Amino acid sequence: MRKFLVVLDDSQECLNAMRFAAMRAAHTGGGVAILSVIPPDEFNHWIGVGNVMREEARERIHAHFEVFAKWMRDKQDIDPELVIREGQPVDEIIAQVSDDPEIGVLVLGAGSDKKGPGPLVTQMSRNAGALPIPITIVPGDLSKEKLEAIT
């Protein structure tokens, strides 16, 4: 089964990327893999404190994931899988694509403010030629109706 890989983070545009991935998967008989990356610099503390912070980060990710997963299950009949990795986001996205041969498309949300599309879209665009799959960039301010029309 071909999977759409979408990155779960705290950005506003993440919502449209999730919606797009779920709708495309539902319409094409695919699946959705949701990747959340915990940057290593969050745990540069004493070992005990770092372990507690790591566990708290994982709990936040699971809670955030469940919101999207419930919507995907209820509205799109898609049961997404969650993947949590630790490291630099771009490196971990590339590693996940390499590790999972079922991933067929990377879906990223682009910021819609004057600051540009966001650091992840900018960095992944630079690496696009080295990826074995296409990248779909979803505008963060695209309406729900427009998303439904194009998926």
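Just so you know, these numbers come straight off a predicted model, no measurement behind them. The analysis underlying the following values was restricted to heavy atoms, covering all of them including side chains, and did not include hydrogens, waters or symmetry mates.
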Contact summary for [X] and [Y], nearest pair of heavy atoms:
{"X": "Ile38", "Y": "Ala57", "answer": "CD1-CB, 4.1 Å"}
{"X": "Val107", "Y": "Ala21", "answer": "CG2-CB, 4.2 Å"}
{"X": "Gly31", "Y": "Ala25", "answer": "O-CB, 3.8 Å"}

Are the side chains of [X] and [Y] in touch, meaning some heavy atoms are under 4.5 Å apart?
{"X": "Leu120", "Y": "Ile93", "value": "yes"}
{"X": "Glu86", "Y": "Arg58", "value": "yes"}
{"X": "Phe4", "Y": "Thr28", "value": "yes"}
{"X": "Glu13", "Y": "Val138", "value": "no"}
{"X": "Leu131", "Y": "Met124", "value": "yes"}
{"X": "Arg19", "Y": "Thr151", "value": "no"}
{"X": "Val97", "Y": "Pro132", "value": "yes"}
{"X": "Ser125", "Y": "Ile137", "value": "yes"}

Open item on the list: When you group the ILVMFWY residues by side-chain heavy-atom contacts below 4.5 Å and let the links chain together, are Val67 and Phe65 in the same group?
Closed with: no
Looking at [X] and [Y], would you say the former's side chain and the latter's main chain have a donor-acceptor pair under 3.5 Å?
{"X": "Asn127", "Y": "Val90", "answer": "no"}
{"X": "His27", "Y": "Met23", "answer": "yes"}
{"X": "Arg85", "Y": "Val37", "answer": "no"}

Open item on the list: Check this for me: Glu66, atom CD, are more than 12 non-hydrogen atoms of other residues, nucleotides or ligands nearer than 6.0 Å?
Closed with: yes
Open item on the list: Using a 6.0 Å cut-off, check whether atom CG of Asp74 has over 12 heavy atoms from anything other than its own residue.
Closed with: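 Counting other residues, nucleotides and ligands, CG of Asp74 exceeds 12 neighbours.
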Task: Spacing of CD1 belonging to Ile150 relative to CG belonging to Leu142, to within rounding of 0.5 Å - done: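 One gets 5.0 Å once the value is rounded to the nearest 0.5 Å.
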Open item on the list: Could you measure the distance from the CD1 atom of Ile61 to the CG atom of Asp9? Nearest 0.5 Å is fine.
Closed with: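 These two atoms lie 10.5 Å from each other.
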